[in-house]
Amino acid sequence: MPRVVVHVMPKPEILDPQGKAVAAALPRLGFEGIASVRQGKRFELEVEGEATEEVLATLREAASTLLSNPVIEDVVALEVEDA
Amino acid sequence: MRIGVVTFPGTLDDRDALRAVRLAGGEPVSLWHGDDDLQAVDAVVLPGGFSYGDYLRAGAISGFAPVMGKLVDAAKGGLPVLGICNGFQILCETHLLPGAMIKNAHRSFLCRDQPLRIENNRTAWTTEYAEGQVIRVPLKNQDGQYVADDRTLAQLEDEGRVVFRYVAGATHGPAGFEANPNGSRHDIAGITNEAGNVVGLMPHPEHAVEAGFGPDQPGEGTRTGTDGLGLFTSVLRSLVA
């Protein structure tokens with residue numbers, strides 16, 4: 001079964017409190033030299049049958065309808081991984 | 001007047017919302033997220049909580065619950081709808097209201113008594129208040145930071161659609177968040193749609209409806225606050241009018 005991976009990130013202009021929290025914790029653990037962190041989401045969708053262009057179009061719609069909220073997030077990648 | 005209150009899996013404040021409707025003089029009606037039926041109610045409250053565990057995003061999955069399909073159509077037709085906290089998040093996710101909520105800027109859950117200024121007393125849910133009046137109701141959330149793009153914010157301001165704004169005088173809070181509890185743009189606590197029938201706010205008026213069980217009212221005593229009742233009496237009056 002082909003797997004489609006969708007990456008969702010907070011929009012650049014939106015403050016990312018989770019990323020900020022991670023960025024603040026890193027130097028406390030001795031991980032220096034990291035200027036900033038932004039945290040997003042990765043979805044793995046297993047597709048029944050072939051990942052045709054038609055299927056991908058449906059998934060793109062799902063990604064912008066449910067998997068992300070366009071007000072605060074961008075779908076930055078939607079890619080097919082080998083089965 | 002029958003006021004429906006929707007229960008989703010993970011809703012917390014449906015009982016308090018039903019009680020607020022009763023104390024205001026309405027007939028409370030429980031609605032179920034999985035039912036494709038509004039039971040002919042005259043208005044609907046989407047209460048607070050963590051529907052569907054806030055999975056994905058707060059309010060995201062609830063926005064597609066069977067009852068919401070009916071509710072979105074009815075709201076577009078003028079049915080008064082009030083979204084409180086998680087209910088506000090759901091209204092934003094269904095695009096009945098613009099913008100979205102993200103995590104509080106200080107990254108902590110915050111619970112306190114919060115003063116709010118009534119900026120618009122012409123909505124279905126705020127006619128019992130005076131414009132500029134400051135009310136005090138509990139606030140409790142983690143994802144309460146209201147965000148929208150500059151164009152949307154300008155439109156909300158120009159059209160007078162900011163209904164509640166955070167003001168100073170809360171019980172406590174992190175440094176820098178004395179008035180605005182979460183970093184919300186323009187200190188926005190609640191907004192309305194163009195028609196004024198759909199209102200959403202993050203703080204909890206349904207927890208401030210009965211003396212003895214409300215927030216502390218400075219100068220009057222502990223738990224005496226009933227400032228939230230006005231939302232529920234407002235909608236009953238607007239339905240009769």
Side-chain angles (χ1 to χ4, degrees), chain A residues 3-31 34-48 55-79 81, chain B residues 51-65 68-69 72 86 88-110 141-153 155-156 174 176-177 180-186 188 191 200:
Chain A
R3 172 188 286 171
V4 177
V5 179
V6 180
H7 295 267
V8 174
M9 290 298 292
K11 279 186 188 294
E13 66 271 25
I14 297 274
L15 171 83
D16 170 20
Q18 293 186 107
K20 240 172 102 182
V22 174
L26 285 169
R28 286 205 297 274
L29 298 172
F31 298 107
I34 297 158
S36 73
V37 179
R38 294 184 71 73
Q39 181 181 328
K41 293 174 189 158
R42 171 191 166 103
F43 299 87
E44 298 180 350
L45 312 176
E46 303 249 307
V47 178
E48 291 171 353
V55 168
L56 290 178
T58 306
L59 294 185
R60 271 184 214 106
E61 196 190 337
S64 59
T65 310
L66 179 62
L67 303 187
S68 71
N69 177 344
V71 177
I72 49 173
E73 296 168 319
D74 292 322
V75 177
V76 293
L78 188 148
E79 48 208 27
E81 280 192 353
Chain B
S51 57
Y52 293 90
D54 273 357
Y55 293 164
L56 193 58
R57 296 177 304 277
I61 297 175
S62 315
F64 297 98
M68 288 305 297
V72 169
N86 193 219
F88 184 17
Q89 293 160 340
I90 295 169
L91 290 176
C92 287
E93 282 284 343
T94 57
H95 308 300
L96 281 173
L97 293 175
M101 248 65 65
I102 64 171
K103 285 209 185 310
N104 294 341
H106 49 75
R107 308 191 291 270
S108 300
F109 184 92
L110 182 59
N141 62 61
Q142 171 130 6
D143 289 15
Q145 182 179 179
Y146 180 76
V147 296
D149 59 35
D150 290 341
R151 196 177 51 83
T152 304
L153 289 170
Q155 188 182 6
L156 288 172
F177 295 91
N180 183 333
N182 46 38
S184 289
R185 300 295 177 277
H186 294 207
I188 287 172
I191 56 173

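Residue numbers begin at 1 in each chain, while the letters A, B, ... track the order of the sequences.
- Of all heavy-atom pairs spanning Lys103(B) and Pro17(A), the tightest one is O-CG, 3.6 Å.
- The 12-atom threshold is not exceeded at CD of Glu48(A), counting heavy atoms of other residues, nucleotides or ligands nearer than 6.0 Å.
- Between chain A and the options Arg107(B), Glu93(B), His95(B), the largest number of non-hydrogen pairs under 4.5 Å is found for Arg107(B).
- Contact count against chain B (heavy-atom pairs under 4.5 Å) is highest for Leu66(A) among Leu66(A), Leu15(A), Leu67(A).
- The number of heavy-atom neighbours closer than 6.0 Å to CZ of Arg42(A), taken from other residues, nucleotides and ligands shown, is above 12.
- Residues Val147(B) and Val71(A) approach most closely at O-CG1, 4.4 Å, considering heavy atoms.
- How far CG of Leu56(B) is from NZ of Lys41(A): 5.0 Å, rounded to the nearest 0.5 Å.
- Contact annotation for Asp149(B): neither backbone nor side-chain heavy atoms come within less than 4.5 Å of a heavy atom of chain A.
- Heavy atoms from other residues, nucleotides or ligands lying under 6.0 Å from CZ of Phe109(B) number more than 12.
- Residues forming a salt bridge (Lys or Arg N to Asp or Glu O under 4.0 Å) with Asp74(A) (at least two apart in sequence, or on another chain): Lys11(A).
- A distance of 11.0 Å separates CG in Asn69(A) from CD in Gln89(B), rounded to the nearest 0.5 Å.
- Dense packing is recorded around CD of Glu44(A), with more than 12 heavy atoms of other residues, nucleotides or ligands lying under 6.0 Å away.
- Here the shortest heavy-atom pairing between Arg57(B) and Thr65(A) reads NH2-O, 4.4 Å.
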